[in-house]
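Below is one structure, written out as C-alpha cells; comments come after it.
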Amino acid sequence: MNVEEIARKHALINALEFDGKASLQAVLNKVLGEDESLKKDIKTVVAIVRKVVEEVNSLSIEGQRKEFERLGLKVEKRVERKGLPDLPFAERGKVVTAFPPEPSKYPHLGHAKSALINYLYAKKYEGKFILRFEDTNPRMVKKEYYEAIMDGLKWLGIEWDEVDYISDHIEKFYEFAEKLIKDGNAYVCLCEQEKIKKMRSIGLGCEHREHDVEKNLELWEKMLKEFKEGEASLRLKIDMSHKNNTMRDPSIMRVIEKAHPRTGKRYRVWPTYDFGAAVMDGLEGVTHRFRSKEFEMRGELQRHIQRILGLKETFIQEIARFNLKGVPSSGRVIRQMIIEGKLLGWDDPRLTTLMALKRRGFLPEAIKEFLLSTGISKTEATLTWETLESFNRKHLDEKADRYFAVLEPVEIEVEGLPEKVEELLHPDHPERGKRLIPLGKKVYVSKEDFQRYRGKKVRLIGLCNITLEEKCRNEGVQIIHEIPKIQWVSEPNVKIKVLMDDGRILEMVAEPEIVKVKEYAQLVRFGFVKLESREGMSFVFTHR
C-alpha cells in the first residue's frame with residue numbers, strides 16, 4: 001500500500017469519527033505509525049497527506065461512507081486518552097512552540113486557548129515556549145495591551161521561557177526584503193489598495209510586476225525614505241492565477257507613518273502578518289504551532305515564504321475558532337462599544353476578556369479545564385455561558401462562603417425571635433466556622449418573595465417558620481414538606497452593591513458578617529459574587 005492509500009484509509013476513518021472532518025495531525029500520526037521509514041522524506045509525506053485530507057474533507061459524509069465501504073475499511077476502536085495527543089515528528093527537548101498575539105486589544109478566551117495549547121505542548125516535550133508580540137502595526141499597538149496580555153497569561157498560570165517582539169527585528173526584515181527583491185521573488189507595487197484588491201480577485205498582475213531588479217531596489221529605497229503611506233507596498237511575486245487567493249502576489253511590507261510605542265519613529269516600513277509570522281517562526285526555530293482556524297488559508301503562503309528564504313518550515317495545526325454565543329470578541333467592535341458607552345470597559349462583565357472573567361470571579365483552573373474540553377480539532381461549535389459556568393461552579397463552590405442578602409427589601413415584624421442565630425459559613429465545610437447573625441423584631445425579605453408568598457407559610461432559612469405578612473410570629477421549626485425557603489436579613493445589616501452580568505448595578509442589604517468575606521461569596525438563592533471593593537462593599541456577579 002502506498003502513502004496516498006494509507007493516508008486515504010486513515011483520513012476516511014478519522015473523518016467519519018469526527019463529523020466528516022479529518023484532522024491532518026491525526027492522519028499524519030497514523031501514516032507514520034504504519035511505516036516509520038516515511039519520516040526520512042517527511043516533507044513529501046506531509047504534502048501527500050495534506051492533499052488527501054483536503055480531498056476527503058471536501059466530500060459529504062454520505063460520500064465519505066460510500067468511499068469507506070468501497071475500500072472495505074473497518075473502524076478502529078478508539079482508545080480514550082488523557083491529555084493532549086502526541087505531536088508528529090516531535091523530539092523531547094527540541095520542541096519549540098509560540099503564542100504570537102498582536103498587542104491591539106485585551107486578551108480573551110480565544111487567545112487563552114491558543115496560548116494554553118502551545119504552552120502545554122512545550123511542557124509535554126520539555127521544550128521551549130515563546131511569547132512573541134506581533135507588534136507590526138503602530139496604529140493598533142498600545143503599551144497597555146502588551147501588559148494586559150502578559151498579566152492575563154500569568155493569571156492563567158501560563159509561563160513563557162522567552163518573550164520576543166517583532167519590532168526588535170525590523171532590520172532583519174529589511175535584509176530579507178532586499179534578498180527577495182534581488183532573487184526576483186518580490187517587487188514594489190505603486191497601485192492603490194483598491195486596485196490591488198480588484199486585480200487579485202480577477203487574477204491579473206499590474207505593470208509593476210514587470211519591473212527589473214534595479215528598478216525594484218530603487219523603489220524599495222524610496223519606500224524606506226520617501227513614499228507616503230498607501231503610495232507603495234512590497235509584494236511577493238508568486239502566481240496571480242493561483243487557486244488560493246492568498247498566494248496571488250500578497251503584500252509583505254507596507255508604509256505606516258505612525259510612531260511605535262517601543263521604537264518610536266525609527267521605522268516607517270513594517271511587515272504584514274504573513275511575512276512577520278513566517279519569518280519569526282523561522283528565526284526563533286519554532287517547530288510546532290497551534291492557531292485558530294481563521295488562518296488556515298494562510299498556511300500555504302507562510303510555508304512558501306519560509307522556503308524561499310531558506311528557513312525551516314514550521315508544523316502548524318489549525319484548531320477551531322472559539323465562539324461564545326452572544327459575546328463580542330472583535331477588538332474593533334469592543335473599542336467602538338466602549339467609546340459609545342455601551343460597555344463599561346475591557347473588563348465589562350458581558351465580555352470574555354481575561355480581565356473581565358477575572359473581575360467576575362471565574363477561576364483560572366476552571367477556565368483551563370473548559371478550554372481543554374473544547375478539544376484541538378477544527379470542528380467549530382458555538383458554546384454558551386452556561387457551559388463555562390458549569391466548569392467554574394465546581395471550583396468556586398469550594399471557595400465561596402455563604403451569606404444572606406436581600407434585593408428590594410420589604411420590612412416585616414416577627415414576634416418571638418431569639419437574640420441571635422448562628423449559621424455555617426459553608427454547609428459542606430463546618431471546619432471553616434460559623435457566622436453570627438444578630439436579631440431584633442425587624443426582618444427584611446425580598447419584595448419578590450413577599451409578593452409571591454404573602455399569606456403563605458414559608459421558612460426563613462436557618463431561623464423559623466412564619467406565615468408571611470407585615471406582622472407575623474415565630475412558628476418554630478417544625479418540618480413541613482415543600483414549604484418555600486427564603487433568605488432574610490435582620491438588623492443591623494450592611495448595604496452592598498452588585499454589578500450584574502448585563503451591566504446593571506443592584507443595591508441589596510446583607511447580613512453584617514459579610515464585611516469579613518475574603519474574596520468570593522455565595523449569596524443564598526441569588527448567586528456567586530466576587531468582592532471588588534470593601535469601601536462601599538461592592539461586588540461583581542459571577543453566575544448562579
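Side chains included, hydrogens not; waters and symmetry mates left out as well; all remaining heavy atoms used.
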Q: Output, in order, the C-alpha distance, side-chain angles, deciding distance and verdict of side chain to side chain contact (heavy atoms under 4.5 Å, CB included) for Val517 and Arg534.
A: CA-CA 9 Å; Val517 66; Arg534 291 192 185 278; 4.2 Å; yes
**Q.** Lys516/Glu513 ion pair, N-O < 4.0 Å
**A.** yes
Q.
Please determine whether side chain to side chain contact (heavy atoms under 4.5 Å, CB included) holds for the pair Val163 and Ile130, giving the CA-CA distance in whole Å, both sets of side-chain angles, and the decisive distance to 0.1 Å.
A. CA-CA 6 Å; Val163 61; Ile130 299 171; over 6 Å; no
Q.
To check you understand the geometry: which heavy-atom pair defines the closest contact between His169 and Leu283, and what is its length?
A. ND1-CD1, 4.5 Å
Q | Flag side-chain contact, heavy atom, 4.5 Å: Val540 against Val498 | A | no
Q. For the ring pair Phe362 and Phe391, is the centre-to-centre distance below 6.0 Å?
A. no
(Q) Please give me the minimum heavy-atom distance between Val27 and Ala22, naming the atom from each residue. (A) CG2-CB, 4.2 Å
Q) Going through the distances and angles, do Tyr106 and Glu144 end up as a side chain to side chain contact (heavy atoms under 4.5 Å, CB included)? A) CA-CA 8 Å; Tyr106 283 74; Glu144 67 176 295; 2.5 Å; yes
Q. Are there more than 12 heavy atoms of other residues, nucleotides or ligands under 6.0 Å from atom NZ of Lys293?
A. yes
(Q) Using modelled atom types and a 3.5 Å cut-off, is there a donor and acceptor pairing between side-chain atoms of Arg289 and backbone atoms of Ala98? (A) no
Q: Say whether, by atom type as modelled, one donor and one acceptor occur between the side chain of Lys105 and the main chain of Ser329 under 3.5 angstrom.
A: yes
Q) Taking 4.0 angstrom as the limit, do Asp161 and Lys128 come out as a salt bridge? A) no
Q.
Measuring from atom NE2 of His111 to atom CD1 of Ile149, what distance do you get when rounded to the nearest 0.5 angstrom?
A. 6.5 Å
Q: Flag the pair Asp86 and Lys124 as a salt bridge only when some basic side-chain nitrogen lies within less than 4.0 angstrom of an acidic carboxylate oxygen.
A: yes
Q. Measuring from Leu357:CG to Asn392:CG, what's the distance to the nearest 0.5 Å?
A. 9.0 Å
Q. Can you check whether Phe290's main-chain N or O pairs, donor with acceptor, with Asn118's side chain at less than 3.5 Å?
A. yes
Q. Is a side-chain donor or acceptor of Ser533 paired with a backbone partner of Ser538 at a separation under 3.5 angstrom?
A. no
(Q) Taking His426's backbone N and O only, do any of them form a donor-acceptor pair with His429's side chain (distance below 3.5 Å, no angle check)? (A) no
Q.
Looking at Tyr273, I'd like to know if the NZ or CZ of Arg298 sits under 6.0 Å from its six-membered ring centre while staying within 45 degrees of the ring's axis.
A. no
Q. Where the side chain of Lys457 meets the backbone of Ile466, is there a donor-acceptor pair that is under 3.5 Å apart?
A. no
Q. Which atom names give the shortest non-hydrogen contact between Arg459 and Ile480, and what distance separates them?
A. NH2-N, 3.7 Å
Q: Decide salt bridge (Lys or Arg N to Asp or Glu O under 4.0 Å) for Glu423 and Lys434; before the verdict, give the C-alpha distance in whole Å, the side-chain angles of both, and the deciding distance to 0.1 Å.
A: CA-CA 5 Å; Glu423 280 286 297; Lys434 298 180 178 180; over 6 Å; no
Q: Would you please classify the geometry between the Tyr121 ring and the Tyr125 ring as parallel, tilted or perpendicular, with 30° and 60° separating the classes?
A: parallel
(Q) Go through it in stages, so that I can follow the logic: the residues are Leu523 and Phe404, the test is side chain to side chain contact (heavy atoms under 4.5 Å, CB included), and I'd like the CA-CA distance, side-chain angles, deciding distance and then a yes or no. (A) CA-CA 6 Å; Leu523 304 183; Phe404 292 144; over 6 Å; no
Q.
Less than 4.0 angstrom from a charged side-chain N to a carboxylate O is my criterion; do Glu257 and Arg139 meet it?
A. no
Q.
Counting the benzene-type ring for Trp, do Trp488 and Tyr444 have ring centres under 6.0 Å apart?
A. no
Q | Of all pairs that satisfy ring-ring contact (aromatic ring centres under 6.0 Å, His included), the ones with a partner from residues 497-532, not counting sequence neighbours | A | Phe526-Phe541, Phe528-His543
Q. Rounded to the nearest 0.5 Å, how far does CG of Leu120 lie from OG1 of Thr97?
A. 9.0 Å
**Q.** Residues Glu519, Lys530: salt bridge by 4.0 Å N-O rule
**A.** yes
Q: Would you mind checking if Arg291 and Glu318 are paired as a salt bridge, meaning a charged N to carboxylate O distance below 4.0 Å?
A: yes
Q) Would you call Asp135-Lys142 a salt bridge at under 4.0 Å N-O? A) no
Q) So do the side chains of Ile461 and Ile486 get within less than 4.5 Å of each other, counting heavy atoms only? A) no
Q. Is there a side-chain contact between Leu531 and Met537 (heavy atoms, below 4.5 Å)?
A. yes
Q | Closest non-hydrogen atom pair, Leu109 against Leu371 | A | O-CD2, 3.8 Å
**Q.** Six-ring centre of Tyr165, Arg262 cation under 6.0 angstrom, axis tolerance 45°
**A.** yes
Q) Relative to each other, are the rings of Tyr146 and Phe133 parallel, tilted or perpendicular (30° and 60° limits)? A) perpendicular
Q) Does Phe129 have its ring centroid less than 6.0 Å away from the ring centroid of Phe99? A) no
Q.
Between the side chains of Glu369 and Lys394, is the shortest nitrogen-to-carboxylate-oxygen separation below 4.0 Å, so that they form an ion pair?
A. yes
Q | Inter-residue atom distance Lys456.NZ - Ile483.CD1, 0.5 Å rounding | A | 12.0 Å
Q: Verify side-chain hydrogen bond (donor to acceptor under 3.5 Å, both in side chains) between Ser292 and Glu294, making sure each step is shown before the conclusion.
A: CA-CA 6 Å; Ser292 64; Glu294 63 196 280; 2.8 Å; yes
Q: Determine yes or no for a side-chain-to-main-chain donor-acceptor pair under 3.5 angstrom, with Asn14 supplying the side chain and Ser23 the backbone.
A: yes
**Q.** Over 12 non-hydrogen atoms of neighbours within 6.0 angstrom of NZ in Lys368
**A.** yes
Q.
Please find the pair of heavy atoms, one from Pro349 and one from Met500, that lie closest to each other, and give the distance.
A. CG-O, 3.4 Å
Q | Carboxylate-amine/guanidinium proximity below 4.0 Å for Arg359 and Glu532 | A | yes
Q) Side chain of Thr542, backbone of Arg360: donor and acceptor closer than 3.5 Å? A) yes
Q) Is the backbone N or O of Arg132 less than 3.5 Å from a side-chain atom of Asp164, with the two atoms forming a donor-acceptor pair by type? A) no
Q) Can you list the steps and then say if Thr387 with Ser390 is a side-chain hydrogen bond (donor to acceptor under 3.5 Å, both in side chains)? A) CA-CA 5 Å; Thr387 310; Ser390 68; 5.8 Å; no
Q: Identify which one of Leu460, Val445, Asp449 satisfies the side-chain contact (heavy atoms from CB on, under 4.5 Å) criterion when paired with Gln487.
A: Asp449
Q. From Leu506 CG over to Leu499 CG, what is the distance, rounded to the nearest 0.5 angstrom?
A. 9.0 Å
Q.
Can you tell me how far apart CD (Glu102) and CD1 (Ile166) are? Round to the nearest 0.5 Å.
A. 9.5 Å
Q) Between the side chain of Arg254 and the main-chain N/O of Trp270, is any donor-acceptor distance below 3.5 Å? A) yes
(Q) Could you report the tightest heavy-atom contact between Leu301 and Thr246, atom names first, then the distance? (A) CD2-O, 3.6 Å
**Q.** Salt-bridge present (Lys471, Glu469; N to O < 4.0 Å)
**A.** no
Q: For salt bridge (Lys or Arg N to Asp or Glu O under 4.0 Å), just list the numbers for Lys495 and Glu507, CA-CA rounded to whole Å, side-chain angles, deciding distance to a tenth of an Å, and then say yes or no.
A: CA-CA 7 Å; Lys495 291 183 178 180; Glu507 295 185 352; over 6 Å; no
